[in-house]
Undergrad: 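This is the structure I want to talk about, given as structure tokens.
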Amino acid sequence: SQPVGLGCKRESPDVRTVQELLNGVLPPFGGPVEKLKTDGICGPKTQATINNFQLKQFGWKGCDGRVDPGK
């Protein structure tokens with residue numbers, strides 16, 4: 001329901017959802033090499049994984065470091 005990542009609230013249930021979803025992505029497609037802790041805190045590892053996922057999936061033009069609802 002709320003954006004997650006760069007410039008967003010650091011803690012929320014939405015962060016946990018994004019962490020769970022990223023943990024389901026294989027590393028070659030932008031998922032984490034080591035599973036993220038699903039603690040609802042958007043720390044450096046979660047942020048790096050969001051960035052890596054966007055880069056792998058969308059290229060530089062689609063990499064803004066945020067997961068926004070509806071996008």
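Atom set for the values below is all heavy atoms of this structure, side chains included, hydrogens, waters and symmetry mates excluded. Keep in mind it's a predicted model, so treat the numbers as computed, not measured.
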Undergrad: Name all residues meeting the side-chain contact (heavy atoms from CB on, under 4.5 Å) criterion together with Gln2; count only those two or more places apart in sequence or in a different chain, and write none if there are none.
TA: Asp14

Undergrad: Just wondering, do Pro3 and Pro69 contact through their side chains at under 4.5 Å, heavy atoms?
TA: yes

Undergrad: Where the side chain of Arg66 meets the backbone of Gly5, is there a donor-acceptor pair that is under 3.5 Å apart?
TA: no

Undergrad: Give a yes or no on whether Lys35 atom NZ has more than 12 heavy-atom contacts from other residues, nucleotides or ligands under 6.0 Å away.
TA: yes

Undergrad: Applying salt bridge (charged side-chain N to carboxylate O under 4.0 Å, His left out), name anything that partners Asp64, two or more places apart in sequence or on another chain.
TA: none

Undergrad: Hey, what do you get for CZ (Arg10) to OG1 (Thr46), rounding to the nearest 0.5 Å?
TA: 9.0 Å

Undergrad: Under a single-linkage rule joining Ile, Leu, Val, Met, Phe, Trp and Tyr whose side-chain heavy atoms are separated by less than 4.5 Å, which residues share a cluster with Val18?
TA: Val4, Val15, Leu22, Val25, Leu26, Phe29, Leu36, Ile50, Phe53, Phe58, Val67

Undergrad: Rounded to the nearest 0.5 Å, what separates atom CZ in Arg16 from atom CD in Glu11?
TA: 10.0 Å

Undergrad: Enter the distance from Leu21:CG to Thr38:OG1 here, rounded to the nearest 0.5 Å.
TA: 11.0 Å

Undergrad: Examine distances only and state if a side-chain atom of Gln19 and a backbone atom of Ile41 form a donor-acceptor pair shorter than 3.5 Å.
TA: yes

